[in-house]
Enquirer: 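Here it is, the structure, as C-alpha cells.
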Amino acid sequence: MRYAIILSFFVFLCVVFPLCPLCLCGSFPDKQDPAAWGGDHIGTPVPEFVSGDECLFCHRSDVGPRWGDNRHNRTVRDLDPESPARAGLAKEAMLAMGRAKRQRLLKPAAAFGKLDLLDTAKGVWDGQTFGDRCAGCHATGVDAKKGTFTARSLDCGVCHGDVPAGHAKDAGLVHLSRKRKDSARVVTSVCAQCHARTGTSKSSGRPYANNFVAGDNLFRDFKVDFSDAALKALNPGDRHVLENVRDVVVSGKEEVTCLSCHDVHKPSGKKHHRVARGDVCRNCHDAGKAMSERKSYEVHSKTCGY
C-alpha cells in the first residue's frame, strides 16, 4: 500500500506539475503575453530628456566622431542645398529622410514640432503625414496625441531613456550601457519601437507607440501580429526583425537580441558573425550556399512606403 501511494504521488508530480506555469519543476508555456510585464508612459506628458549635444560633451571621443554619419542621427537630415532633388515644388525642401531610392523631402512647418512632407504623387506639401505616421521613429520627444515632436531625428534619450545625473560615476544607470545587464525584453522593446514596422498603438491608433520611454514594456501599448502567416508575408528584412522580437517577447528566449548582432553607434556587421547559425540566418542566406552570399530583395513597408 505504501509503495502504491508513493507511485501515485510520483505520477502526480510528473503529470500535473509540468502543466503549472508557475512551478519551477515543470516546463513553462510556449507562449507568453508580451504585455504582461513592466510599466509604460502611455498618455503622460512627454518627459524631459538630455539632448545629444549635452551627451557629446562627454562622449565626444568615443561616440562623437561617428555620430554625424549614424543612421539613427540621420533619420531626418539636412538636405544639400545643391541637391538635384531640389527642383520645382521641391525647391523649398530643406530636410530629407529615407534612403536614396525612396528619399522623402521635408520642410519646417509654421507650427512648432511639425514638418511638411512633399507628396510627389499629388504635387503638394502635406502637413499631416509626418506627425501622423513618421514622427514616432524619425523624431524625439513625440506627443502621440498631437503628432508633434521636440527634436528632429533620434536623440540619445530614444534608446538610453531617462538618464540620471549620477550616470557619470555609474554607467550601469543607463539603459543599453555596456555596464548594465538589461533583460532581453527590455532591449527588444527599445529596438522594436522603431524597427517593428507593422505595429499599431492600441491607445492612439498611430503606427508608433504612445510615449514609449526606454525601460518600458513597448507591448503594453504597441500591438504586433506575430503569427506565422503575418511574418511570411513580410520582406526578409522585416521578417528577420519580427522573428527575433517574437522569440523574446512571446517565446521568452533570452539568448539573442538585436544587440547580439548590431552595434548602435557604428555600422558594423562583425558581431553577427559570432552568433551561432540557425534558421534565422535563412532570411538573408540560402541553405547550401556560402554565408558570404546574401539574398537579393527589396525592402518595402506599408507603414513607411519604402
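Keep in mind that the numbers below use all heavy atoms, side chains included, and drop hydrogens, waters and symmetry copies. Note that the coordinates shown come from a computational prediction; the quantities given were computed from them, not determined experimentally. Starting from 1, each residue takes its place in the sequence as its number.
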Enquirer: In terms of side-chain heavy atoms, does T188 have a donor or acceptor partner in T257 at a distance below 3.5 Å?
Expert: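 No, T257 and T188 have no side-chain donor paired with an acceptor closer than 3.5 Å.
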Enquirer: Between R180 and D182, is there a side-chain N and carboxylate O pair less than 4.0 Å apart?
Expert: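 The answer is yes: the pair qualifies as a salt bridge.
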Enquirer: Taking atom types as modelled and ignoring hydrogens, do the side chains of S227 and D225 form a donor-acceptor contact shorter than 3.5 angstrom?
Expert: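 Side-chain D/A pair, S227 to D225: present.
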Enquirer: Looking at CE of M97 and OG1 of T75, how far apart are the two atoms once the value is rounded to the nearest 0.5 Å?
Expert: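 The OG1 atom of T75 is 9.0 Å from CE of M97, to the nearest 0.5 Å.
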Enquirer: Got a second to check how far E54's CD is from D155's CG, nearest 0.5 Å?
Expert: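 Interatomic distance, E54 CD to D155 CG, rounded to 0.5 Å: 9.0 Å.
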Enquirer: What are the two closest non-hydrogen atoms of H265 and R66, and how far apart are they?
Expert: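 Residues H265 and R66, closest heavy atoms: O-NE, 3.4 Å.
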Enquirer: Check for a donor-acceptor pair, side chain of T200 on one end and backbone N or O of G205 on the other, with a separation under 3.5 Å.
Expert: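 Answer holds: no.
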Enquirer: To check you understand the geometry: which heavy-atom pair defines the closest contact between A85 and A90, and what is its length?
Expert: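 So the minimum-distance heavy-atom pair works out to O-CB, 3.2 Å.
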Enquirer: Between the side chain of R86 and the main-chain N/O of D80, is any donor-acceptor distance below 3.5 Å?
Expert: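 No, the answer is negative, given that no donor and acceptor are paired below the 3.5 Å cut-off.
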Enquirer: Do the charged groups of R152 and D78 touch, with an N to O distance under 4.0 Å?
Expert: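 So R152 pairs with D78 through a salt bridge.
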Enquirer: Tell me whether the count of non-hydrogen atoms from other residues, nucleotides or ligands lying under 6.0 Å of NZ in K223 goes above 12.
Expert: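 No, the 6.0 Å shell around NZ holds no more than 12 heavy atoms from other groups.
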Enquirer: Grouping I, L, V, M, F, W and Y whenever their side-chain heavy atoms are under 4.5 Å apart, do V190 and L259 come out in a common cluster?
Expert: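 Cluster IDs for V190 and L259 match.
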Enquirer: Do any N or O atoms from the side chain of T150 and from the backbone of G141 form a donor-acceptor pair under 3.5 angstrom?
Expert: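 Here the side-chain-to-backbone pair exists.
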Enquirer: Would you mind reporting whether P108 and M94 have side-chain heavy atoms less than 4.5 Å apart?
Expert: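 Side chain of M94 against side chain of P108, heavy atoms only: contact under 4.5 Å found.
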Enquirer: Is there a side-chain contact between P34 and V250 in this structure, where contact means two heavy atoms from C-beta onward sitting under 4.5 Å apart?
Expert: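 Answer yes - side chains close enough.
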Enquirer: May I ask you to decide if T44's main-chain N or O and N211's side chain share a donor-acceptor pair within less than 3.5 Å?
Expert: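 Judged by distance alone, yes, a pair lies under 3.5 Å.
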Enquirer: Nearest 0.5 angstrom please: L242 CG to T198 OG1, how far?
Expert: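 One finds 4.5 Å between CG of L242 and OG1 of T198.
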Enquirer: How many angstroms lie between atom CG of L106 and atom NE2 of H138, to the nearest 0.5 angstrom?
Expert: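 Here the rounded value is 9.0 Å.
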Enquirer: What are the two closest non-hydrogen atoms of L218 and A209, and how far apart are they?
Expert: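 Scanning both residues completely, I find the closest heavy atoms to be CD1-CB, 3.5 Å.
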Enquirer: Please lay out, stage by stage, how Q103 and L79 fare under the test side chain to side chain contact (heavy atoms under 4.5 Å, CB included).
Expert: CA-CA 11 Å; Q103 182 171 258; L79 181 65; 4.2 Å; yes
Enquirer: Do the charged groups of D221 and K202 touch, with an N to O distance under 4.0 Å?
Expert: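 Looking at K202 together with D221, the answer is no, because their closest N to O distance does not fall below 4.0 Å.
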Enquirer: What is the ring orientation for H72 with H195, classed by angle as parallel under 30°, tilted 30 to 60°, or perpendicular over 60°?
Expert: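 It falls in the perpendicular class, over 60°.
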Enquirer: Does L115 share a hydrophobic cluster with L117, counting links as ILVMFWY side-chain heavy atoms below 4.5 Å and allowing steps through other members?
Expert: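 Yes, because L115 and L117 connect within a single hydrophobic cluster, where side-chain heavy atoms sit under 4.5 Å apart.
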Enquirer: Considering all heavy atoms of both residues, which atom of R220 and which atom of I42 are nearest to each other, and what is their separation?
Expert: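 Smallest interatomic distance, heavy atoms only, reads O-CD1, 4.1 Å.
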Enquirer: Mark yes or no for whether R206, through its side chain, and A144, through its backbone, hold a donor-acceptor pair below 3.5 Å.
Expert: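 Yes: the side chain of R206 pairs with the backbone of A144.
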Enquirer: If I take atom SG from residue C134 and atom CZ from residue R104, how far apart are they, to the nearest 0.5 angstrom?
Expert: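 Result: 7.0 Å between the selected atoms.
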Enquirer: Whether the S204 and N210 side chains hold a donor-acceptor pair (N or O, under 3.5 Å, no angle test) is what I'd like checked.
Expert: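 Result is no, nothing qualifies.
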Enquirer: Evaluate the side chain to side chain contact (heavy atoms under 4.5 Å, CB included) criterion for residues N244 and C258: first the C-alpha distance (whole Å), next the side-chain angles of each, then the deciding distance (0.1 Å), finally the verdict.
Expert: CA-CA 8 Å; N244 181 240; C258 305; 4.1 Å; yes
Enquirer: Answer yes if F212 and V224 sit in the same cluster of Ile, Leu, Val, Met, Phe, Trp and Tyr residues linked by side chain heavy atoms under 4.5 Å apart, and no otherwise.
Expert: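 Yes; V224 is reachable from F212 via cluster members.
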Enquirer: For the pair R77 (side chain) and R74 (backbone), establish whether a donor and an acceptor sit closer than 3.5 Å, ignoring hydrogens and angles.
Expert: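 Checked: pair present.
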Enquirer: Please determine which of W125, F149, Y208 meets the ring pair (Phe, Tyr, Trp, His ring centres under 6.0 Å) test together with F130.
Expert: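 The single option meeting the ring pair (Phe, Tyr, Trp, His ring centres under 6.0 Å) with F130 is F149.
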Enquirer: What do the steps show when you test N217 against D40 for side chain to side chain contact (heavy atoms under 4.5 Å, CB included), and what is the final call?
Expert: CA-CA 6 Å; N217 178 0; D40 60 73; over 6 Å; no
Enquirer: So which atom in Q193 and which in C137 form the shortest heavy-atom distance, rounded to 0.1 Å?
Expert: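 Q193 and C137 have their closest heavy atoms at O-SG, 3.6 Å.
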Enquirer: How long is the gap from NZ on K232 to CD on E243, to the nearest 0.5 Å?
Expert: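 Reported to 0.5 Å precision, the distance equals 12.0 Å.
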Enquirer: Can you check whether V213's main-chain N or O pairs, donor with acceptor, with D216's side chain at less than 3.5 Å?
Expert: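 Side chain of D216 to backbone of V213: a pair is present.
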Enquirer: Looking at every non-hydrogen atom in both residues, tell me the closest pair between R133 and T303 and how far apart they are.
Expert: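 Closest approach of R133 to T303, heavy atoms only: NH2-CA, 3.5 Å.
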Enquirer: I'd like to know if the side chain of R246 reaches the main chain of F226, judged simply by a donor and an acceptor atom lying under 3.5 Å from each other, with no hydrogens or angles considered.
Expert: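 Answer holds: yes.
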Enquirer: With heavy-atom distances below 4.5 Å as the criterion, would you say the side chains of W67 and L56 are in contact?
Expert: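 In short, these two side chains touch, coming nearer than 4.5 Å.
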Enquirer: Taking the side chain as everything from C-beta on, heavy atoms only, tell me whether L105 gets closer than 4.5 Å to L95.
Expert: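 When only atoms from C-beta onward are counted, L95 and L105 do not touch, as no gap falls below 4.5 Å.
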Enquirer: Should F219 and V158 be regarded as members of a common hydrophobic cluster, given that ILVMFWY residues are connected when their side-chain heavy atoms come within less than 4.5 Å of each other, either directly or indirectly?
Expert: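 Not linked; separate clusters.
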Enquirer: Using only atom types and a distance under 3.5 Å, with no angle test, would you say the side chain of H160 pairs donor to acceptor with the backbone of H175?
Expert: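 Looks like yes, one N/O pair under 3.5 Å.
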Enquirer: Quick one: do F222 and V186 end up in the same hydrophobic cluster if we chain Ile, Leu, Val, Met, Phe, Trp and Tyr together by side-chain heavy atoms under 4.5 Å apart?
Expert: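 F222 does not cluster with V186.
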Enquirer: Measure from the side-chain N and O atoms of S251 to the backbone N and O of V248, and report whether any donor-acceptor pair falls under 3.5 Å.
Expert: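 Between the backbone of V248 and the side chain of S251 there is no qualifying donor-acceptor contact (under 3.5 Å).
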Enquirer: Any side-chain heavy atom of T140 sitting closer than 4.5 Å to one from S153?
Expert: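 Counting from C-beta outward, T140 and S153 never come under 4.5 Å.
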Enquirer: If only side-chain N and O atoms count, and only distance matters, is there a donor-acceptor pair under 3.5 Å linking N235 with D238?
Expert: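 Yes, N235 and D238 have a side-chain donor paired with an acceptor closer than 3.5 Å.
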